[in-house]
Amino acid sequence: MTRKKVKLAFISDASARKATYKKRKKGIMKKVSELTILCGIQACAIITSPFDSKTEVWPDPEGAKQVIERYRNAAVVDGSKNVNQESFMMQRIAKAHDQLKKQRQENLEKEMTLAMFKYMESKTLPEDLTVEELKEMNRLIEKNMKEIEDKMAALK
């Protein structure tokens, strides 16, 4: 037999609200207990009640303190995953800078490849190339020559 769907809304009847609170509290405590046993983890539950002045703590106040202290220490140690808006944006900016650097390198390589092909076609070097660009073109030519030699060796 299935239960009917519970409407999640404030229970206006005080006695019904108190009875529901007690049942749900018992269920939550049981779930936390089962979770620690089945999964072999440390867990605690702290429930304050508007009906009692006594706070319910599972497994006991000392065990709850140990779990909370372990959580606080873990949050400090593993701060790389805990980010706020500022650190998140700084990470995104750093990532964008890296992508920009890679894209600039790719563009430079493509420009040098085009210049290399123009040189091969006309046998004259472009006059507006700097020393660094000439060095980059030389590196690119050597890289291409090495690739050609490797392909020829593979075909033999």
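Counting only heavy atoms from C-beta outward, the side chains of Leu114 and Tyr119 never approach each other to under 4.5 Å. Under the 4.5 Å side-chain criterion, counting only non-hydrogen atoms from C-beta, Arg17 is in contact with Phe10. Side-chain contact check for Gln66 versus Arg70: every heavy-atom pair is 4.5 Å or farther apart. Using a 4.5 Å cut-off on side-chain heavy atoms (C-beta onward), Thr36 and Trp58 make contact. A 4.5 Å side-chain heavy-atom check between Leu108 and Arg104 finds every atom pair outside the cut-off. In this structure, Lys101 and Glu106 have side chains that are not in contact, with every pair of non-hydrogen atoms separated by 4.5 Å or more. Annotation: side chain of Ile46 is in contact with side chain of Ile68 (closest heavy-atom distance under 4.5 Å). Side-chain contact between Asn144 and Leu140: present, with at least one pair of heavy atoms (C-beta onward) separated by less than 4.5 Å.
In terms of modelled atom types and a separation under 3.5 Å, the side chain of Asp52 and the main chain of Lys54 share no donor-acceptor contact.
Nearest heavy-atom pair across Met29 and Glu56 is CE-CB, 3.6 Å. The two residues Ala45 and Val32 come nearest to each other via the heavy atoms CB-CG2, 4.0 Å.
Classification of Lys118 and Glu121 as a salt-bridged pair fails, no side-chain N sitting under 4.0 Å from a carboxylate O.
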Quiz item: Does the salt bridge (Lys or Arg N to Asp or Glu O under 4.0 Å) test come out yes or no for Arg139 and Glu109, once each step is laid out?
Solution: CA-CA 10 Å; Arg139 186 192 65 78; Glu109 240 179 69; 3.6 Å; yes

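The only member of Lys146, Met152, Glu147 that meets side-chain contact (heavy atoms from CB on, under 4.5 Å) when paired with Asp150 is Lys146.
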